[in-house]
Engineer: 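The structure follows.
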Number of protein chains: 2
Amino acid sequence: MFRPTIRDVARKAGVGIGTVSRVLNNSPKVTPETRQAVLAAIAELGFRPNTIARQLPRRTRLHNIGVVTQPFINYQAFAAQMRGLQLGLYDYDSKRYEMVLYSVRSLAHFDEQLTAIVRTGTVDGLIIIDFDLLDEQKQMLRDAGLPFVGLNHLQDADWPCIGADNHLGGYLAASYLLDLGHTDIAYLGDEFVDTFEFKTSGQRYEGFRRALAERGLPAKDEYVRLGFHDYDVAIELATELLRLPDPPTAIFAMCDMQALACLDAARRLGLRVPEAVSVMGFDDLETSYHVGLTTVRQHFEPAGRLAVQYLLALIDGAPPPPPVLPPPEVIPRQTTRPLAGKGAV
Amino acid sequence: MFRPTIRDVARKAGVGIGTVSRVLNNSPKVTPETRQAVLAAIAELGFRPNTIARQLPRRTRLHNIGVVTQPFINYQAFAAQMRGLQLGLYDYDSKRYEMVLYSVRSLAHFDEQLTAIVRTGTVDGLIIIDFDLLDEQKQMLRDAGLPFVGLNHLQDADWPCIGADNHLGGYLAASYLLDLGHTDIAYLGDEFVDTFEFKTSGQRYEGFRRALAERGLPAKDEYVRLGFHDYDVAIELATELLRLPDPPTAIFAMCDMQALACLDAARRLGLRVPEAVSVMGFDDLETSYHVGLTTVRQHFEPAGRLAVQYLLALIDGAPPPPPVLPPPEVIPRQTTRPLAGKGAV
DNA sequence: ATAAGCTGTGGAAACGTTTCCACGCTCATA
DNA sequence: TATGAGCGTGGAAACGTTTCCACAGCTTAT
């Protein structure tokens, strides 16, 4: 198929290629008549600028943003975040940005991908989901002039991070269970620094512990179970908890996937939820609604959307929006209930 | 930051740029010693070929595949498909293909995106999820020499489509319910040709109807409820069915989302599942496991993976793998049960 | 009348690769 | 010794844009 180039357009419109380029890029220095003629030629030829050629000269906007992620730790959360990113891109539809997905398999692979992205220079900016950046990595991105925004971090780092306040979320969850009268509350989550060095679990646990401490309750070591982020592992940890001689009356799992595993474990042991044990998660996935899981909602979509807005502002050198999200909130459903009777023991 | 180019590498290695290019592209026509020298220079400079410049000369592989999709019809299915695509790309890791996401909002937008993709020529091939192609569109892609593979279609069209056999799936679902003794079975699904002109619902219904017909049962019109693909709409349709003077004893919903809506509707009406009514879906989402929904599993991940394999074969002019997937299969869970008693009425 | 400044325009150069042609070397063959 | 084929190599040309410099034509100030 014949693909007209900018030169064909110029010839047809009887102008120079520079003028066509200026029309394409909305330069003000073109008279209305010239612009009309060029636009007519463009329409007639069905011309579209070749985005690749457009990206070659170094100073140009590439109209690509990269998304770096380990997407398969949680399908539903990943999808919700992607949805948010798309919504953000729709907001800036006229800029015609596209999204390039870099999926990462390990921490080493992450560094490798990051280096490759910088070296090959195919994106205008980067959204980094979940991963934390080392100082060298930040420096590398800054040296390359590549703006970057994090998604799913606490906002206290030295780079813009948009995500749920994990500490507060953990605090709210524990407070909710405490208000129901529970005192023997277990925490089930990832290692505080996991394979990918995600620190989410530690942050949520901190909030959890603070809520207990405020009410003068210690966090019992045997009630804290940490393991690799995986459904089957979570089932095992939950089973251990439920089989303790003095089992907890409530479990707070650091994510819904693990909370669902708790439900599964209880079912396999013949324990009823919430009668025998209350279970609470964190995320508010689609599944949680259908299962009736009490959880802490974090706002995946708004976060993704905000991350895009923030990044595009950085790219354009505009003032970025305040990186403020609605705070996490407890969504009470059917897997928790007030502690009955035991208080009187 | 200084980005070394192929010329820097050539100078350092004391060879010509052509030789460096040949090393980069694994041409056999380089002596081992020369190759070593070039590789050493590449390593020393930390050189990475600029992927954009690499894409400019027209005959080149672009190392991009485009994915065109309406991603938000079903989050979980979308995520599973993406996962499959990523797995497929991992299989061909050495080729370093990347994925560019084109998300589509409407049928008109689909055509627009397709035209833009062809005109700007930024991808080597296209995976088209769910959407059907018009003859003109197929022709346009063929004229442009752009290979394309469909994901989620029946395999009888005149282009390679990888997806569940919807007809068979519908047939299996109905057969399963019939084997349980049900005869009053409702079908709940999308319009047979919906907003996006997806024909999935019609295909699944055809299989469903054939199973009934084989046992000499007519499909009662009042038991067929079609509507826009949306949770709330599905709840309404399900409520209508359950409120019929002579309600069905089983409902087959054309997707799990709608089946979950049936469960929700039954709950709101105070009806127990499966005691009052059996409910069966199609997809086997994550949620379905947790909810215990009987369903027909379609193999999203293998499908995505196969689609990538197929497309990369087309791009390379190699013989594509047979586009054969494991057939859909019924996954019995807790939302269906044998019809008890009613047969004796 | 001349100089200076401004505006719109044309087109060469640059971006970093791949491709392709030409060249020189080696080795087999006549 | 002369010829031809084959192989590895060098580097110019090409890809389609943007950028930037130069210039023509005007207006305004001197």
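Just so we're on the same page: letters track the sequence lines, and every chain starts at 1. In this text, all values refer to a predicted model and were calculated from it rather than measured experimentally.
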Engineer: Let's see if you can work this out: which of dT9(C), dT9(D), dT17(D) has an atom nearest to the side-chain heavy atoms of R54(A)?
Structural biologist: dT17(D)
Engineer: Starting from the first five and the last five pairs of the helix from dA1(C)-dT30(D) to dA30(C)-dT1(D), work out the angle between the resulting helix axes, to 10 degrees.
Structural biologist: 60°
Engineer: Find which nucleotide of DNA chain C each of G18(A) and F47(B) is nearest to by heavy atoms, and output the residue with the more 5' nucleotide.
Structural biologist: G18(A)
Engineer: Please state whether the phosphate of dT9(C), meaning OP1 or OP2, lies under 4.0 angstrom from any side-chain nitrogen or oxygen of T34(A).
Structural biologist: yes
Engineer: What's the verdict on side-chain contact (heavy atoms from CB on, under 4.5 Å) for L151(B) and D130(B), showing C-alpha distance, side-chain angles and the deciding distance?
Structural biologist: CA-CA 6 Å; L151(B) 194 52; D130(B) 286 334; over 6 Å; no
Engineer: Rounded to whole angstrom units, what separation is found between the CZ atom of R48(A) and the P atom of dT17(D)?
Structural biologist: 13 Å
Engineer: To the nearest angstrom, how far is D8(A) atom CG from dT17(D) atom C1'?
Structural biologist: 13 Å
Engineer: Hey, is the side chain of N25(A) poking within less than 4.0 Å of OP1 or OP2 on dT18(D), counting only N and O atoms?
Structural biologist: yes
Engineer: I would like to know whether T69(B) and I128(B) meet side-chain contact (heavy atoms from CB on, under 4.5 Å); could you show each step before the answer?
Structural biologist: CA-CA 6 Å; T69(B) 172; I128(B) 296 169; over 6 Å; no
Engineer: Could you tell me how far apart N50(B) (CG) and dT18(C) (P) are, to the nearest whole angstrom?
Structural biologist: 10 Å
Engineer: Quick check on dT9(C): is either OP1 or OP2 less than 4.0 Å from any side-chain nitrogen or oxygen of T19(A)?
Structural biologist: no
Engineer: Cation-pi check, R83(A) to Y75(B): give yes when NZ or CZ is under 6.0 Å from the six-membered ring centre and within 45° of the ring axis, no otherwise.
Structural biologist: no
Engineer: Which value, rounded to the nearest 0.5 Å, describes the distance between T31(B) atom OG1 and E33(B) atom CD?
Structural biologist: 4.5 Å
Engineer: Using a heavy-atom cut-off of 4.0 Å across all strands, would you classify T5(B) as base, sugar-phosphate, or nothing?
Structural biologist: sugar-phosphate
Engineer: Quick check on ring pair (Phe, Tyr, Trp, His ring centres under 6.0 Å): which of W159(A), Y102(A), F110(A), F148(A) does F131(A) satisfy it with?
Structural biologist: F110(A)
Engineer: Below 4.0 angstrom, N of the basic side chain to O of the carboxylate: do D194(A) and K199(A) qualify?
Structural biologist: no
Engineer: In whole Å, what is the span from the CD1 atom of I6(A) to the C1' atom of dT19(D)?
Structural biologist: 12 Å
Engineer: Considering only heavy atoms and no angle criterion, is a donor-acceptor pair shorter than 3.5 Å present between the side chain of R7(B) and the base of dG11(D)?
Structural biologist: no
Engineer: Starting the side chain at C-beta, find the nucleotide from dG8(C), dT17(C), dG8(D) nearest to K29(B).
Structural biologist: dG8(D)
Engineer: For the pair made of CZ in R35(B) and C1' in dC7(D), what is the distance, rounded to whole Å?
Structural biologist: 14 Å
Engineer: Looking at dT17(D), dG11(D), dG8(C), which one has an atom nearest to any side-chain atom of A53(A)?
Structural biologist: dT17(D)
Engineer: Would you indicate which nucleotide in dT9(C), dT17(D), dA12(D) comes nearest to any side-chain atom of I17(B)?
Structural biologist: dA12(D)
Engineer: Calculate the interatomic distance between E33(B) atom CD and dG8(D) atom P; express it in whole Å.
Structural biologist: 10 Å
Engineer: Scan S21(B) against the nucleic acid and name what it touches under 4.0 Å (heavy atoms): base, sugar-phosphate only, or nothing.
Structural biologist: base
Engineer: What is the distance from atom CZ of F198(B) to atom CD of Q70(B), rounded to the nearest 0.5 Å?
Structural biologist: 6.5 Å
Engineer: To the nearest angstrom, how far is R22(B) atom CZ from dT18(C) atom C1'?
Structural biologist: 10 Å
Engineer: To the nearest 0.5 angstrom, please state how far the CD1 atom of I65(A) sits from the CG atom of L85(A).
Structural biologist: 6.5 Å
